[in-house]
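Values below: every heavy atom of this structure, side chains too, minus hydrogens, waters and symmetry copies. As the structure lists them, so they are numbered: ligands from 1, and atoms in each ligand from 1. Source: prediction; values computed, not measured. Along the sequence shown, residues carry numbers from 1.
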Amino acid sequence: MPAAARPLILAYHAVSSTWASPLAVTEEALASQAAYLRRRGYRGLTLAEAERLRAGGELPPRSVVFTFDDGYRSTLRAADILERHGYSGTVFAVTAFPASGGHLSWPGIEHELTAATAEQLEPLSWDDLAALRDRGWEVGSHTVTHALLTEADDAGLAAELRDSRRAIADCLGACATVAYPYGVADARVAAAAREAGYLAACTLTGAHVDDEPHLRPRLGMTSADTGPRLRAKVSPLGVALRRSGAARTVRRLRRRRNWLPAAGSTG
Ligand SMILES: [Zn+2]
């Protein structure tokens, strides 16, 4: 499949110019990234829209999907920034949090919660998620508890996927996609997502060799991705390199230590 037939799927977490965390990109960086893609003529889609257009062979030559994992309240700030550039996004919510209102916390990010950062870890409420939906956003699942699905038993895996999808559909009317916590999935997890009724599902991987509806790769974005670095990252050549065998080798060498909870994941 030629490069143009894939959407550019970008992965973010929080957006903050005052929180120095690997989970956050600055507002300036997000604005600069959106402005660049707008100048380059990228059309914005939600993940479900991109999947449906792709299935029908109608994906625009240049399309971008802005995705935000976990459901930080700062996603609302991201929505304001993206809206200025004519984009919406897709937020993947961890459904145990919108109703409880408790700070976002799971293995790998507990150390982020301090008195100074508590505000950054506040979750979107169901009302916030409904407001995003009303602004053209898609609300997808990031499971119920942010579980590492590759380690869950079959029943636990099915429940995380099914119960989160049901909660979002009950509150917001629909839930078509899921992002795997820690960006990690294998063939069993992908099959379970398909079985649970999801149209598509996202990983978070440096190599983009695997690409089927329930293992869609994404580009993890940081505040450093501006200027020449951003241009290289989203260029057709950059995308082709990540899809190559060399990228797979690099990924193997790096292993998964960058995002597994045991090694200090950033979620
Ligand atoms: Zn996450």
Chemist: Going by the angle between their ring planes, with limits at 30° and 60°, are F66 and Y12 parallel, tilted or perpendicular?
Modeler: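 Ring orientation of F66 relative to Y12: parallel.
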Chemist: Tell me, which N, O or S atom in H142 is closest to the Zn ion (ligand 1)?
Modeler: NE2
Chemist: Any N/O/S atom, side chain or main chain, of H13 closer to the Zn ion (ligand 1) than 2.8 Å?
Modeler: no
Chemist: Are side-chain N/O atoms of R218 and T203 paired as donor and acceptor at under 3.5 Å?
Modeler: no
Chemist: Can a salt bridge be assigned to the pair D225 and R229 using a cut-off of 4.0 Å between side-chain N and carboxylate O?
Modeler: yes
Chemist: I'd like to know if the side chain of E83 pairs up with that of S88 as donor and acceptor (distance under 3.5 Å, no hydrogens or angles considered).
Modeler: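 Absent: no donor and acceptor within the cut-off.
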Chemist: Among the N/O/S atoms of D70, which is closest to the Zn ion (ligand 1)? Give the atom name.
Modeler: OD1
